[in-house]
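Read the structure below first, then the notes.
Labels below follow one simple rule: chain letters A, B, ... track the order of the sequence lines, proteins then strands, and each chain is numbered from 1.
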Amino acid sequence: MAEAQAAIPPYQTPLHRQFDALEQQHEADTVGMWVFLGTEILFFGGLITAYSIYRSIYWRAFGEGSRHLDVMTGAIMTLILLASSLTMALAVHSAQSGRRRKLVLFLLFTILLGAIFLGLKGYEYHHKWEEHLVPGARFHHQGPLARQVQLFVFFYFALTGLHALHMLIGIAILAVLALRAALGRFQNYTIEITGLYWHFVDIVWIFLFPLLYLYERHA
Amino acid sequence: MTQSGPTVRLYALVFAALGALALLTTALAYRDLGIFNSIIALLIAATKAALVILYFMHVRYAGRLTWVFVVAGFCWLAILLGLSASDYLTRDWLPPPQGFPW
């Protein structure tokens with residue numbers, strides 16, 4: 001038993017006693033994370049359902065609202081987030097084989113790309129504030145569809161705001177993991193499970209981008 | 001065991017595909033395709049999501065139990081979307097009943 005344990009590399013998540021084997025523990029970790037992600041799918045799914053129903057009713061106003069968003073910024077943000085998913089996947093890849101320096105590097109890259117994404121989001125929010133497109137007392141929009149356009153920007157801020165909050169939480173977790181990895185304390189499964197969360201947040205944006213930015217563009 | 005997942009080369013290929021699909025969906029948004037604008041945009045988004053789930057999230061290499069939980073999450077979403085749409089999209093199919101509103 002002692003010899004078997006000595007063969008386990010230090011970055012390997014230790015086997016907890018309620019599990020028979022590392023494979024079983026790994027599967028339990030993964031399934032547990034997917035249960036959480038299932039609740040997240042429904043969390044964002046509820047808002048996206050409400051958005052879709054209102055869009056089918058007020059499609060003209062939602063098209064008008066969507067054209068207030070800058071597609072170029074949205075597309076660049078999409079590419080940045082996709083790139084952050086790649087660096088996250090490479091971080092997991094490095095953790096699996098215990099390459100600590102690469103792991104730290106890729107985690108830092110992921111954090112940097114996530115921060116750039118949030119910076120662009122902040123720039124967009126600032127722009128909307130200047131344009132009086134933030135829902136509330138300051139909202140102002142010309143035309144008969146002003147109320148429905150306000151509903152669109154409400155959905156825009158609710159969906160992207162919740163997404164940005166998820167990114168902030170993700171960056172905080174990655175920062176802790178990067179610090180621990182830099183100090184030589186990291187466990188491969190922890191990196192992998194955090195990666196699942198990060199990729200999920202990427203998937204949410206993959207749907208938000210066409211739903212919010214790319215509606216009625218040809219008109 | 002420690003190498004459960006794709007190679008660096010495959011990761012790069014998946015990322016290239018994701019980037020190309022992002023540019024494609026952006027370009028297609030400026031063409032008038034009628035109702036297919038939304039349908040194609042969502043199909044491309046679903047394809048990108050599938051690539052992320054299968055390769056970046058390693059589900060392609062995962063066991064059946066993981067698959068059950070992944071698929072279940074999207075089944076609940078389908079129920080949420082499907083039953084909501086079946087209400088809102090069919091409301092004007094039938095005239096309101098006699099004496100409506102009560």
task = Flag yes if more than 12 heavy atoms outside A:Lys102 fall under 6.0 Å of its NZ atom; otherwise flag no.
result =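 No - once you tally the heavy atoms of other residues, nucleotides and ligands closer than 6.0 Å, there are 12 at most.
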inquiry  = Quick check on A:Arg101: does its CZ atom have over 12 non-hydrogen neighbours (other residues, nucleotides or ligands) under 6.0 Å away?
reply    =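 Not buried by this count: 12 neighbours or fewer within 6.0 Å.
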Partner of A:Trp205 under ring-ring contact (aromatic ring centres under 6.0 Å, His included), chosen from A:Phe117, A:Phe200, A:Trp198 =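 Testing A:Trp205 for a ring-ring contact (aromatic ring centres under 6.0 Å, His included) against A:Phe117, A:Phe200, A:Trp198 leaves exactly one candidate, A:Phe117.
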Quick check for you: among [options], which has the greatest number of heavy-atom pairs under 4.5 Å with chain A?
| options | answer |
| --- | --- |
| B:Leu42, B:Leu65, B:Val59, B:Leu33 | B:Leu65 |
| B:Val8, B:Val70, B:Val68, B:Leu18 | B:Val70 |
| B:Phe74, B:Tyr30, B:Trp76, B:Tyr55 | B:Tyr30 |

request  = Report the C-alpha distance between B:Leu54 and B:Val14 in whole Å, list the side-chain angles of each, state the deciding distance to 0.1 Å, and finish with yes or no for side chain to side chain contact (heavy atoms under 4.5 Å, CB included).
outcome  = CA-CA 10 Å; B:Leu54 289 175; B:Val14 170; over 6 Å; no
Answer with side chain, backbone, both or neither: which region of [X] has an atom nearer than 4.5 Å to a non-hydrogen atom of chain B?
| X | result |
| --- | --- |
| A:Val204 | neither |
| A:Ile48 | neither |
| A:Phe44 | neither |
| A:Tyr213 | neither |
| A:Leu196 | both |

inquiry  = Please rank A:Ile203, A:Leu211, A:Ile206, A:Asp202 by heavy-atom pairs under 4.5 Å with chain B and give me the top one.
reply    =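 The candidate making the most pairs under 4.5 Å is A:Ile206.
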inquiry  = Shorter than 4.5 Å, heavy atoms on both sides: which option in A:Arg217, A:Glu40, A:Glu216 has the most such pairs with chain B?
reply    =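 Between A:Arg217, A:Glu40, A:Glu216, the count favours A:Arg217.
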ask   = For A:Ile53, what residues pass the side chain to side chain contact (heavy atoms under 4.5 Å, CB included) criterion, not counting sequence neighbours?
value =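 Residues passing side chain to side chain contact (heavy atoms under 4.5 Å, CB included) with A:Ile53: A:Thr49, A:Ile57, B:Ser84, B:Tyr88.
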message = Would A:Arg99 and A:His93 count as a side chain to side chain contact (heavy atoms under 4.5 Å, CB included) here? Give the steps.
response = CA-CA 9 Å; A:Arg99 279 167 294 185; A:His93 191 74; 3.7 Å; yes
Shortest non-hydrogen contact between A:Phe209 and A:Val71, atoms and distance =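 Nearest pair, atom of A:Phe209 first, then A:Val71: CE1-O, 4.1 Å.
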message = Ignoring hydrogens, what is the shortest heavy-atom contact between A:Trp34 and B:Thr66? Give both atom names and the distance.
response =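 The pair with the smallest heavy-atom distance is CD1-CG2, 4.0 Å.
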query = Is any residue of residues 74-91 of chain A within less than 4.5 Å of chain B by heavy atoms, and which ones?
reply =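 If one takes a 4.5 Å heavy-atom cut-off, the residues of residues 74-91 of chain A near chain B are A:Ala75, A:Thr78, A:Leu79, A:Leu82, A:Ala83, A:Ser85, A:Leu86, A:Ala89, A:Leu90.
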Under 4.5 Å from any heavy atom of chain A, what part of [X] do you find: side chain, backbone, both or neither?
| X | answer |
| --- | --- |
| B:Asn37 | side chain |
| B:Leu23 | side chain |
| B:Ala85 | neither |

ask   = Any side-chain heavy-atom pair from A:Leu177 and A:Phe186 closer than 4.5 angstrom?
value =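 Of all side-chain heavy-atom pairs linking A:Phe186 with A:Leu177, none is under 4.5 Å.
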inquiry  = Check for me whether A:Arg55 meets the cation-pi criterion with A:Phe152, that is, NZ or CZ under 6.0 Å from the six-membered ring centre and within 45 degrees of the ring axis.
reply    =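 No, A:Arg55 does not lie over the aromatic ring of A:Phe152.
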